[in-house]
Structure formats: C-alpha cells, structure tokens
Amino acid sequence: MSATWIFIINLVVIFIVKVLDNLLSTSKTILIQKNKAFLAGISVVISQIIFYELIDAVSTSGDLTMYVVSVASGIGTILAVGLSNHFSKDRMYINVLLCDDKKVMKNLRNFLKENKITNLATDGYTKDWKKSIAITAYAETKAQSKLIDDYLESLDVKVKRIINKN
C-alpha cells in the first residue's frame, strides 16, 4: 500500500475517532444537565483518553489533520445534540388560553378533550368583567402542541396564548 493511501486511511480513522470524542464530550454536558453523573463521568474519561491521543496525532501530522479534526469536532457535536433530541422525552408545553368569546372557549375545550390533551378549564373574566372561560392545556408531545397551533390558527377570533415550556 502506498504512503498516500496510508495517509488517507489515517485521516479517515482520525476523523471517526474525533467525531466519537466530540459525541462523548457533548453527551457529557447533556448527561450532566439530566443529572446522570455516573454516565457523564464515564463519558469524560473516554473522551479525555481520545483527546490526548489525538493531540499527539495532530501535532505530528500537520495542518490537514488539524482541519480534519476540527470538522469532525463539529460533526460530533451535531450528532450528539441530534441523538439527545431524538431519545429525549418531549417537553411539556403548558398553554394558558384566554378569549372573550365563551363559546369559542367551550369549543376549544371540547377539541382538547377529543384529542386527549390534558386541560383545565376555569372561570375567567373579560376586561369588561363578562364571564368567560380560561383554559390551561398541557401539551405533552410536539404533536399535541402542533394540534393546538393548527386549531388556534383556524379560528376567526383572537385567542391569547401564553406558553410555558417545562
């Protein structure tokens, strides 16, 4: 095998190892935020071993290797965040919904019930002290949140919406 092929194979291996290093390093941060200390610690140990090995490889291989490692760092971070988003539970979106039209709010409440979106309807009042309904809807998935978005967009009246992300 020629020296050129060996160099290319070496760059590919370094690239893959650096992607793995950044995947572990970014995962460490995510694991710390999720209070998974043991897994975060293991991630740090493996990442540090890879990191120090890569320093040696980059310092003896030149600029091209440094650029390959830098690009691999970005890709590793993108992969880690993507994997975290894929495997994480959806956030809960708490929607506080207000409207002056009591009938609109009753229909909204029925829509939420039909779509099995947990909600709480309470007595509310308009600016003029007319009785209305205030609804707190708990969208537990992105799909439920999208259903609420679409429903509100289809209305001819304005519904005030305050969203708290948990």
Side-chain angles (χ1 to χ4, degrees), residues 12-48 50-51 54 67-166:
V12 169
V13 168
I14 287 174
F15 181 86
I16 292 169
V17 168
K18 184 56 186 173
V19 166
L20 179 63
D21 175 43
N22 252 63
L23 185 68
L24 289 167
S25 180
T26 304
S27 295
K28 171 212 54 154
T29 303
I30 293 167
L31 290 166
I32 288 170
Q33 291 173 344
K34 293 183 177 188
N35 202 26
K36 308 244 185 221
F38 181 74
L39 292 174
I42 290 172
S43 174
V44 168
V45 169
I46 297 169
S47 177
Q48 288 298 300
I50 292 170
F51 175 75
L54 283 172
Y67 293 128
V68 167
V69 167
S70 297
V71 170
S73 295
I75 291 172
T77 299
I78 291 167
L79 287 173
V81 172
L83 286 170
S84 175
N85 288 341
H86 180 73
F87 290 109
S88 292
K89 291 181 178 177
D90 288 324
R91 286 179 146 174
M92 180 177 296
Y93 294 89
I94 302 171
N95 296 261
V96 178
L97 305 157
L98 309 163
C99 180
D100 290 347
D101 190 328
K102 192 172 182 177
K103 184 177 179 187
V104 168
M105 296 306 284
K106 283 182 178 182
N107 291 338
L108 174 56
R109 169 67 169 67
N110 290 334
F111 171 81
L112 295 169
K113 183 179 174 186
E114 289 166 10
N115 287 283
K116 297 179 176 49
I117 298 173
T118 303
N119 64 84
L120 174 65
T122 56
D123 288 339
Y125 295 90
T126 68
K127 292 177 191 175
D128 304 335
W129 291 100
K130 286 177 43 185
K131 199 165 190 176
S132 186
I133 298 172
I135 297 174
T136 305
Y138 302 90
E140 296 178 22
T141 65
K142 291 174 189 169
Q144 286 182 341
S145 190
K146 179 78 171 111
L147 277 173
I148 296 171
D149 291 342
D150 293 344
Y151 183 84
L152 295 177
E153 285 176 16
S154 73
L155 295 175
D156 293 334
V157 297
K158 183 177 178 185
V159 175
K160 181 160 176 80
R161 183 182 190 189
I162 303 164
I163 302 173
N164 182 11
K165 300 172 186 172
N166 284 349

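When each of Leu155, Asp156, Leu97 is paired with Val104, the side chain to side chain contact (heavy atoms under 4.5 Å, CB included) condition holds for Leu155 and for no other. Partner of Ser47 under the side chain to side chain contact (heavy atoms under 4.5 Å, CB included) criterion, chosen from Thr26, Leu23, Asp21, Leu20: Asp21. Here the options are Val159, Val96, Leu112, the test is side chain to side chain contact (heavy atoms under 4.5 Å, CB included), and the partner is Ile135; only Leu112 passes.
Looking only at side-chain heavy atoms (C-beta outward), Lys146 and Lys142 stay at 4.5 Å or farther from each other. Using a 4.5 Å heavy-atom threshold, the side chains of Asn95 and Gln144 count as separate. A 4.5 Å side-chain heavy-atom check between Phe38 and Leu31 finds every atom pair outside the cut-off. Within the 4.5 Å cutoff, side-chain heavy atoms of Tyr125 are placed close to those of Lys131. Within the 4.5 Å cutoff, no side-chain heavy atoms of Ile133 are placed close to those of Arg109.
Residues Lys18 and Asn22 have side chains that bring a donor and an acceptor to within less than 3.5 angstrom of each other.
Environment of CG in Asn35: sparse, with no more than 12 heavy atoms of neighbouring residues, nucleotides or ligands closer than 6.0 Å. A 6.0 Å sphere centred on NZ of Lys102 holds more than 12 heavy atoms belonging to other residues, nucleotides or ligands. Other residues, nucleotides and ligands contribute more than 12 heavy atoms inside 6.0 Å of the OH atom of Tyr151.
Looking only at distances, no side-chain donor or acceptor of Ser43 sits under 3.5 Å from a matching main-chain atom of Leu39. Checked by atom type and distance alone, the side chain of Asp101 never pairs as donor or acceptor with a backbone atom of Cys99 at under 3.5 Å.
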